[in-house]
Structure formats: structure tokens, C-alpha cells
Amino acid sequence: MAGEIPKSSIEEKFQRLTPQTTRNLLDSVDAFLFDCDGVIWKGDALIDGVPDTLDMLRAMGKKLVFVTNNSTKSRKQYANKFHSLGISVSEDEIFSSSFAAAMYLKANNFPKEKKVYVIGEEGILEELENAGYSALGGPEDGKKTAQLKSNYFFEHDKSVGAVVVGLDQYINFYKLQYATLCIRENPGCLFIATNRDSVGHLTDLQEWPGAGCMVAAVCGTTQKEPIVVGKPSTFLMDYLLQIYNIPTSRMCMVGDRLDTDILFGLNAGCRTLLVFSGVTNLSDLQDSSNQIQPEYFTSTLSDIVGLFNNNQ
């Protein structure tokens, strides 16, 4: 609930949401960009008060956009998840890192005759297919094994021109070898990461390894760094600005992670609001090693409703 965060020296650096700062924020912003995991939901459990908050913002005429680094679903699959949780969100309002990977290839005129190898799940495969690309790998390769024995040669498709790495609960030695060979041996093969999140709230009760550990494994075997298309990269923001005629100074990025959500907003010139309903807590924000400073902070997204009503 609003006001549960203890007062401390943190307020010298960041603004706590209060009735007045909430009013100031709402008056100065035309669009809200939301992370999903840890802000809207945890796993398949909706965070309390989220529907009422989104309804209030829509009633005020605010544009709502959902920007998630979780690449396991496509935009269509995320729209279905929102609907299953009782929230009406259109596919066009959702921008996932799986979609960003496909759009990156499209924006850079990736040849349609080239294939894409995927360490990741159905979301990436579906977005690549929607963009007209042929993809290999994904969950299907989670069933495959490499044979570590004499005179065994691991074959890979020489027509693969890009490897996309995202969150993959089916990652295995076979996939790592396939991706490594494509990146190291196929001339000009792109190495694209959907994101580098270390952990994520994939269920409601605890954090799980994020895409960052899958990406790090491929970095280790190839000795190459990826092109990152999800937050905090501004690639998605560049895409959003082509669609919405709203300056970034009139947008607010709402997230639970400092190193992705808040940094994404800061890099793009957005207002920023950190919520403590996901992976970041007050101690993380106060830590002397933290250099990423949000403009505002609060416990949970629904604080906006209570604080706004208190200002009436």
C-alpha cells in the first residue's frame, strides 16, 4: 500500500510518490510504458490493484504500452495472457523482446534466404515467422543430444545468418554447440540477445535464472558480445517513436529492475518510476554501488490510484 516504504535519506536522491508528486507525474505524462514481470504480474498471478490502475490511466486518456524483456511469448501470446487475467490489452500495445529481435532483423534488411537459429522458446519462433523468416532450434532442439564420442562430427546449417538467444528453459549442450558453430563458422553470422536479465519472476513465489545466463554461455563459447535488442537498449524505443507521436519527455517508464527498465527509460529520456513489487527492493536502491537513479519510487503500481484519490 502507499506509504509503506520507511522514510530515509533515499528521498534526498529520489522522489517518493506522494499525492502531490503523483499529481505532478500524471499531469506531465501522456504515455506510460510498463514492464510486465514484477510490475503487472508475477508468473501467472496478477499483482493486486493493477486492473484498477490501468483503468484509471486509460480513463485519463493516457497511452499505455507494455514493454517486456521476457521473450518466451509472442505479442499475440502476451495479449492472450492479459485477457486470461481479465485485462483488455491489444497486441499493438505490447512490445516484447521476441518481437524486437524479429524487428531488428527486418530493420537491418536481413536476407530472407538466410535462416535464424534460436536458443529460446515459442515467442521468438512465432515472431520470426510473422516477420517472414525461417527459424531453427527453439523447444524442439531441447529434446536433442550431442554425442561426445570418437569420429563424431557435429553438423550445423551453413545458411544460418543469425543466432537469437533468449530465455530458454530447455537449453542444453546441443543448442550451445549449434549456436557456437553458427556464430564462429558461418561468415557474418549475427549474434543477437533478446536481453541480459540475470533473473526474473517467472513464478509468483520466487525468482528464476533469466536470459542473461543463456547469453553469457554463448558469449563464453564464442568470445563475442551480442547485439542486445531488449531493455536497456534503445532499439525498442526507436521503434516506438516511429509509431507514437509522443516525445520521450512525455513518457514514463515503470519497472521493477534498475539495470533494464529504469536504465532503458533514462537512456531514452523518459520519466522513470521504480516499483518494489518485483526484483528490486529499497536496499538495492540505497546501495552505494547503485548508479542508476529513478525519478520516482513506490511500493507497487496500484499506489498511483490511492495517492491520486488522496489528492482530490
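Below, each value reflects all heavy atoms present in this structure, side chains not excepted, and no hydrogens, waters or symmetry copies.
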For residues 222-235, which residue pairs qualify under salt bridge (charged side-chain N to carboxylate O under 4.0 Å, His left out), counting only residues two or more places apart or in two chains?
Asp35-Lys231, Arg196-Glu225, Lys231-Asp261

The single option from Tyr170, Tyr178, Tyr117 that satisfies side-chain hydrogen bond (donor to acceptor under 3.5 Å, both in side chains) with Asp141 is Tyr117

Does Thr234 reach the main-chain N or O of Met237 with its side chain, forming a donor-acceptor pair under 3.5 Å?
no

For the backbone of Phe276 and the side chain of Thr280, can you confirm whether one donor and one acceptor N or O come within less than 3.5 Å of each other?
no

Test the Lys63-Phe32 pair against the cation-pi criterion, namely NZ or CZ under 6.0 angstrom from the six-membered ring centroid and within 45° of the ring axis.
no

Over all atoms of both residues, closest heavy-atom pair of Leu167 and Glu121
O-CG, 3.6 Å

Tell me, with the steps shown, if Thr221 and Ile183 meet side-chain contact (heavy atoms from CB on, under 4.5 Å).
CA-CA 10 Å; Thr221 60; Ile183 294 169; over 6 Å; no

Kindly say whether the aromatic ring centers of Tyr174 and Phe154 come within a distance under 6.0 Å.
yes

Ring centroids only, cut at 6.0 angstrom: are Phe95 and Phe66 within range, meaning strictly under it?
no

side-chain contact (heavy atoms from CB on, under 4.5 Å) for Trp41 and Val50? Distances and angles first, verdict last.
CA-CA 8 Å; Trp41 55 58; Val50 165; over 6 Å; no

More than 12 heavy atoms of other residues, nucleotides or ligands under 6.0 Å from NZ of Lys62: yes or no?
yes

More than 12 heavy atoms of other residues, nucleotides or ligands under 6.0 Å from OH of Tyr244: is that the case?
yes

